[in-house]
Structures are given as structure tokens and as C-alpha cells.
Amino acid sequence: MAGSNEVNLNESKRVVPLNTWVLISNFKLAYNILRRSDGTFNRELAEFLDRKVPANTIPVDGVFSFDHVDRVTGLLNRVYQPAPANEAQWGILELEKPLSTTKIVPVIIFFHGGSFAHSSANSAIYDTFCRRLVSICKAVVVSVNYRRAPEHRYPCAYDDGWTALKWVKSRTWLKSGKDSKVHVYLAGDSSGGNIAHHVAVKAAEAEVEVLGNILLHPMFAGKIRTESEKRLDGKYFVTIQDRDWYWRAYLPEGEDRDHPACNPFGPRGISIEGLKFPKSLVVVAGLDLVQDWQLAYVEGLQKAGQEVKLLYLKEATIGFYFLPNNDHFYCLMEEINNFVNPNC
Amino acid sequence: MSPYDSATSAGSSSGSSYASSSTTKPADIDGLLAGAGYKVRSSDLRHVAQRLERLETAMVNSPVELSQLASSDTVHYNPSDIASWVDSLLSEFNHTPSLPSDLPDLPDIVVGPGINPTVKIEGDATWMDHDAPHQQQQQQQQNVQSLTIPPNQLTVVAMEEDSGIRLVHLLMTCAESMQRGEFSLAGSLIEDMQSLLRRVNTTCGIGKVAGYFIDALSRRIFTPQASGLFGGSVSGSASAYENELLYHHFYEACPYLKFAHFTANQAILEAFDGHDCVHVIDFNLMHGLQWPALIQALALRPGGPPLLRLTGIGPPSPDGRDSLREIGLRLAELARSVNVRFAFRGVEAQRLEDVKPWMLQVNSKEAVAVNSILQLHRLLGSDPNRSPPIEIVLGWIRQLNPKIMTVIEHEANHNQPGFMDRFTESLYYYSTMFDSLEACTLQPEKALAEIYIQREICNVVSCEGSARFERHEPLAKWKSRLGQAGFRPLHLGSNAFKQASMLLTLFSAEGYCVEENEGCLTLGWHSRPLISASAWQAAPDANSPLGIVNHHHNNHNAL
């Protein structure tokens, strides 16, 4: 038992830079302490350990941010924008005029990861990631602070995502282009990717236009154990056991992993064939044990006649995009940039 | 003595050296991890990684201890310092009495020739090292990015109404015209705003806050230096009493002061552990709201309460009343009722810088706690002809060598030289604070709390020079200032954090949040911290041959 753990630690060390290994291992071990075997979660300790950063309307490296809180629901969105060219405008928010009347500025609604239980929109790792997205894609990013499990189970996260989408679509100051509308993309990593899919389904059903979905090693699952789960269990920071714990914390009590929330194209899935679903960019990390489910998702989209591009990063582990110290990061950013700026 | 003990203390002192040492160059800290909120020296990465491996092995091998860690009262400190965090957890595993006898050897112990050498983790350089030039360059750029985030912390609640947005723009334009000296333009803008106010809901939201700022701007133009009305340096006869009343209602209406008292008391209680004679110096007694809880906690201390002395500093009372003494008497009665030996002394001073340490009558045998709730920033105004009051006061505090100094300050940047910067910052800060106050339904607490806040706004916006004493600076600046003045941080841990979180659920509405910031705690509204709490003690004196601070009975000479 201990021997196999040593082998596992060695494997993950071989494929990531040292500081990435320290970062993700630190999360892994902290998360092990936070999850209790009875299904409860040590939320106070989780909030204590999570490194958070405030928003900043003064641009830092060309990006500024501010928080919006819905008075009624308490839902917080953190908005990131490229800095105004005119320095005299720094610190002052433009909440009346559109982003541009001539060119299109993509607005990416981002759902952070954390397996539905961890992290927040103001977590340092996600704040940093969103800033990088803005810089590279010249987009506006809206990071949603959705309610988390186990305190808030399915469908809370999806409801919050849908609320955020409606809010974004109705902001005059997020409009752009000659057609004067909000050009929205949905994006998310891990559980955030799962949320992006379900919000996109709801949007398509309600005929609310979403231009594209970006799913970064999205979190899906099913009752059966796939080959990749068995092969990669415990090898690269993630175990089947912890994945099971998070699904038990998110899904309604008593449910199993064929619930359509985690298995949208499974035996209980609802068909999206014929629906005006956005094009998808699905990024799969080759060392992620969930990949067989992610690949099944891609296949499911294809079978439903939906447009999807798969970016398979063979040697990538989960969380490869937190630090820009590897090729996968740059490859990912280029793909996302091309996805949201198709005419550039 | 486990091998991890020394590692633990090294970890924690290296944690404090990150905070207060001026010798740790920023370039030493891994820039990418800094962007993720962690402080690890690049040269320490391998060591930290090994520690993480050991911790994982320990967790895998002792699932019982792991589940205890998950639900126990293990206290965590300063999670930004991964090294010390991991070490403190490792020591938890090593100190558990039920260490299994069949615990396999730790990987770095050589076990014999038959073992496959690749199993040995110690010294393995198996991590990928990316030396590609463009990535190094990116890494350097990232270093710069993550370390130059300025202390400006601005968040805003987006305004939905058009009039609300226009009000904010007008406020900014008015402030800017004042900065430029265009007073007639500023004056006419004020009139515009006042008429716009009539079309906006002023009972809540941006309308209410804007009203106060318009008022403050108007005072700045039309009645400058009139801040004497608002307490502090020049107090009329009603002023001290009014201040105390407003303060008390602010205390009741929202959790900021309760959080301050709660967190400071917890830290003081811990610092006083094992001491039989303790002396608390309160820089602003007010109604002594903070102290009943500490007295009761000391009464319940295992081993019995110490002798508690409390020295309360406050302004001279008008009309001959000795209000300090009255508060002292009430606290003494409470102490008597719980069998805590207690002595009170009141020190009257118009300003904190007028207090001299001999007035505090500290004796050499007692453990001293200095408690400063929203007081230190008042010492930041400087007269070019005098030594800065903050330096004088911090100097004598350090000479007292207190067991702990608790510092609570506004988490705001309201002391910048440029008026426009101060104005913008305070607009966002107080908007957030007023927003949090909306949840309060207690009257008249809420109304009086608003007046309390309004006075702060007026001082920040309409006063200058010595009249402006609300010179709030953010935690990052205080850390640097206190570090340079010869103090080092005492980390507030997850215990204090947990209790602060529980306090919030008992007393307050949804939306308040406590955050940990490298050993300090902040309380804010949604994601914007508004008040910070930190604890300090005197760093060893580098100049003294024994490394100890001048003992306080030498103060007479120092003056």
C-alpha cells in the first residue's frame, strides 16, 4: 500500500514542474483533510485555507476587476476587463456605454472548478487565471461565485449559472459589435465545465444565444468504472474515491452517478439533438482519470449533431493551466483565443 | 523530541521572517506560486515537496489520525507559508500516541541492498525543469506581475439606476475639480448633484451614500477646517459623550467592532497563558465594551484567573465627570462577581501621542497586552517640525516589550496624498460599508451607526492637516510599518478564524466574510475586506548583545 503510494508520487513528479507539483499536492492534501468520511465538509477550515484576493479597479498588467453582488440573491460575480487606454479613466467604472460599437468583444462567463465544493470566484488561483484569459483573448471575463456543495446540492450551481447568464446578457455595458449585443461564451474547469454544459442546455432551450462553450477537463461521471479511471486512479493527484465523494456531495441524496447531471449522455440523459446548442471546445488532460467520461461527452455531442472540437493534451495533468510554466498552458490559451475571436 | 519539532519552529519563524524581514528579497519567492497566494522560496521548493510527500505518506498510513485531523481542533496558521503548514501537520501525526508499530520506513532511510533504488525519493531530481527561454521570460514577467499588485483594493456594487451612475460620475468630476482648485465649477456640480438627489432613492443604496459624500464635499469648499465639530483634536463639551454614544451604536448595528474585540481578546487570552499578573492597556476605552468578555474568559481559565490590571486611555470628560473611572468601577464589579482580582486605572489624554509610558505604570513582573482598536491611524498626521507621533508611540510600546499588541485598523487606503485618490477609495469603501449596514433592522442603532460612519467620511473628505485624523492605511502598509518599527507578527490561526465565522452566523446577516491573510484576519462585506485584525510583539533587538529589547523600566531615561 505504502509502496504503491511512493510509485504514484514519483509518477506525478515526472510530468509536472516542481512548483506545479507543490501547488497541486498542497491542494490535494488540504482537500483530503476537508472531506469527512460521513459526507460533511469542513467549510470553516476550507475558507481559512483558501487564498483569496480582492478585486482591483486599478489595472494591474492591463487588467482590472470589480465585484457585483445581486442585492436579492447575494450572488457575486467578479468582472474582469482590459484596462482603458486612457489612464485618466482608471478606477472609474463605465456602466452605461457598451464595450465597443464597432468591434466584437467576447464576454466569457467563467465557472471556477473545485469539484462543486471548493474555491470561490475570488480564490487567488482563479483570479489569476481569469486575468490571464482577459490579457490573452482581449475579452471580458465574468467569474461566477456559485453556491457550493455539500451545503447546496444540485441544481443550485446550475441555477446560479443561469442567473449569471441572464444578468450578463442584460448588461448594456457588456454589449459590443455593430449588432449591439452581448457576445457570450460559457467556460469552466472541472465542475465549472460541467456547469457550463448544463447552463448552455438551459440557454438553448430558452433560446438565449450562447456563442460557444469552453470545457476544461470538465467533471463528468457514470456508474460504471471506465478504463481510464482504473488505470490512473491515484497516479496524478486524483483518486476515484475523492471523485465519488464530490458527486455524493453534489447530487441529490440517494442518487447514483448515472444522474443526468454527471452523465448527460448516459442511460438517463436527455437528448439535445436538434437543439441550437453552442459550438464546444472540450479540453482533455491525458493524465486525468476522468478522461473516458470527457471523451464520451465529446462523442455524445457529435452524435447529437452538435459542433465540437476536442483538444487532447496527452501529457497534461489536472490543473496544468494554473501556472504558465508548461507548453500545455500556451497551447490551451491559443486555442481559447482562436475560439472566441474566430475572425482575428 | 521528534525530528519535525525543529522543522516546525524553523517553519514558523521563516513565516514571520517573510512578513517582517527586510533581508528576504522578493526575487527569492517563487513568483508563480505568489500569484496563487503562496509564499515559498524558490530555493525551498524541493524541501517543501519532500515534506508534502512525507505528509501524504503519513496520511495514507494513518487514516484514523487523518479523520481526527479533519474533525479535530487542530489549529492551522498562515496557510500562505506552505512549508510551515505542512510541518505543523506532520507534527500532528508524529505526536499521536497510537503510532502503529508496523509503520513502514520513511523513504529516505536506506533499507538494504535488495531494494530498488528508484523507490528512494530523497535527492531525486525527477521534476521537469523547463529551461526554454520564452518560458523563463514568461516566468520573470509573472514574477513582476504577482509582486506589484498595489495595495489599492477597490470593489463596487454595480449601480443599476441611471441616476445612480450619473451621481457617481458627478461626484468624481466634482472631486477632480476640487483637486485642481476649480472651486466655482465644484460648487455648481454640488448644486447639480443635490438636485439629482431629489430624483433618487436616498433611503438606501447609492443615493444614501452619495448624499453623505455630497455633504462632505460641500463642507470642504464652504466650511473648511470645520472638522472641529467632529471630535478628535478639538472637542466641544458634548463631543466626547457623542462620540462614545455613536461608537456604541455602531458596535451594536454591525459586526465590525464585535469582530475586533472578539479576535483581539482571543489573541490576548492566548498570549496571557501561564502568566499570573497581566496588564491590558486599552488605547481607547470608550464604554469598555471589549473587556467583560475577556474578564469572563480569564475567570474560566484552567488553573484560575490571573491578577488583571486594565489601564484605559480616553479623552478628558466634560463637565467634571470622571467617565473613565465610572467605566472602571463597572468592570471592577463584574470582575468581583466572577472572582477575578482586578485593578483599573484611567489615563486621560486628548490625543494618544500625549500619553507617556510612565503614566501607564507598567511593572516588570507583569505580562502586558497593548490593545489598539482603530487608533494607530490617528497618529499618522505629521508636522514637519516634530517627530512623527506614530514613531514616538510605537517606540515606547516596543520598549514596554508587551507579550502582545493587538492592532485593528480599517482595511482602506484613505491616507494618500492626492485628494482624488482618497475620495475615490473612500467612496467605494463606505459604499460597501453602508451596503452591509442595510441588513441591520435595529433602530435607533442603525441610524446612529450611520452618523458615526458619516463623521468618518467627513473627516476623510473635508479635512486636511492636523484636523484630518482618519488616516486609514491598509494592512499591507501596517505590516511594513510595524516591521520597520521593530515588531514581528504573531499569527492569528484557524481557531480565531473559526470563532470569528461562528460569531458572524450568530450576530449578522449573510454576506459578511472573514478571510485569512498571512496570519491576520479581515472581516468584510462579500468579497471586500473592510477591517483587519493582527497581533504583534517586539522583535528581538538586533543591536543588543543579548538580543533582548530594552526593558520597560528604562523608559524614564528614554523620555
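Here the structure is a predicted model, which is why all the values come from computation and not from measurement. Lettering follows sequence order; numbering is per chain, from 1.
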Closest heavy-atom pair, Leu52(B) versus Leu29(A), reported as atoms and distance to 0.1 Å, is O-CD1, 3.5 Å

Measuring from atom OG1 of Thr74(B) to atom CG of Asn42(A), what distance do you get when rounded to the nearest 0.5 angstrom? 10.0 Å

Compare all side-chain heavy atoms of Leu45(A) with those of Lys498(B) and state whether any distance is below 4.5 angstrom. no

Chain A heavy atoms under 4.5 Å from Glu515(B): which part of the residue, side chain, backbone, both or neither? side chain

Main-chain N/O of Arg51(A) paired to Tyr38(B) side chain as donor or acceptor, under 3.5 Å: no

Non-hydrogen atoms of Leu32(B) and Pro324(A) that approach each other most closely: CD2-CD, 3.8 Å

Would you indicate whether the side-chain heavy atoms of Ile33(A) and Leu89(B) approach each other to under 4.5 Å? yes

Write out all pairs satisfying salt bridge (charged side-chain N to carboxylate O under 4.0 Å, His left out) with one or both partners inside residues 313-324 of chain A, taking only residues at least two apart or from two chains. none

Going from CZ on Phe237(A) to CD on Glu56(B), what distance comes out if it is rounded to the nearest 0.5 angstrom? 9.5 Å

Could you check if a side-chain atom of His526(B) sits within less than 4.5 angstrom of a side-chain atom of Asn145(A), using non-hydrogen atoms only? no

Can you tell me how far apart CG (Asn19(A)) and CG (Asp30(B)) are? Round to the nearest 0.5 Å. 4.5 Å

Do the side chains of Arg78(A) and Ser527(B) get nearer than 4.5 Å, heavy atoms only? yes

Measure the shortest side-chain to side-chain distance between Trp85(B) and Leu49(A) over non-hydrogen atoms and say whether it is less than 4.5 angstrom. yes

What are the two closest heavy atoms between Thr424(B) and Gly91(A), and how far apart are they? CG2-O, 4.3 Å

Donor-acceptor check, side chain of Ser501(B) to backbone of Glu44(A), threshold 3.5 angstrom: yes or no? no

Tell me, for Phe27(A) versus chain B, whether the close heavy atoms (under 4.5 Å) come from the side chain, the backbone, both or neither. side chain

Measure Asn26(A) against the heavy atoms of chain B and call it side chain, backbone, both or neither at under 4.5 Å. both

Glu151(A) atom CD, over 12 foreign heavy atoms within 6.0 Å: yes

If I take atom CZ from residue Arg528(B) and atom CG from residue Asn122(A), how far apart are they, to the nearest 0.5 angstrom? 13.0 Å

Engaged part of Ile92(A) at the chain B interface, taking heavy atoms whose separation is under 4.5 Å: both

Working to the nearest 0.5 angstrom, can you tell me the gap between Glu53(B) CD and Lys13(A) NZ? 4.0 Å

Closest heavy-atom pair, Ala49(B) versus Val22(A), reported as atoms and distance to 0.1 Å, is CB-CG2, 4.0 Å

Pairwise side-chain contact, Leu93(A) with Tyr428(B), heavy-atom cut-off 4.5 Å (strictly under): yes

Residue pair Pro529(B) / Pro54(A): nearest heavy atoms and the distance that separates them: CD-CB, 4.4 Å

If you count heavy-atom pairs under 4.5 Å with chain A, which of Ile82(B), Leu521(B), Leu55(B), Val514(B) comes out on top? Ile82(B)

Does any backbone or side-chain atom of Ala30(A) lie under 4.5 Å from a heavy atom of chain B? Answer side chain, backbone, both or neither. both

Shortest non-hydrogen separation from Phe48(A) to Glu516(B) and the atoms involved: CE1-CG, 3.1 Å

Heavy-atom distance under 4.5 Å to chain A: side chain of Glu176(B), backbone, both or neither? neither

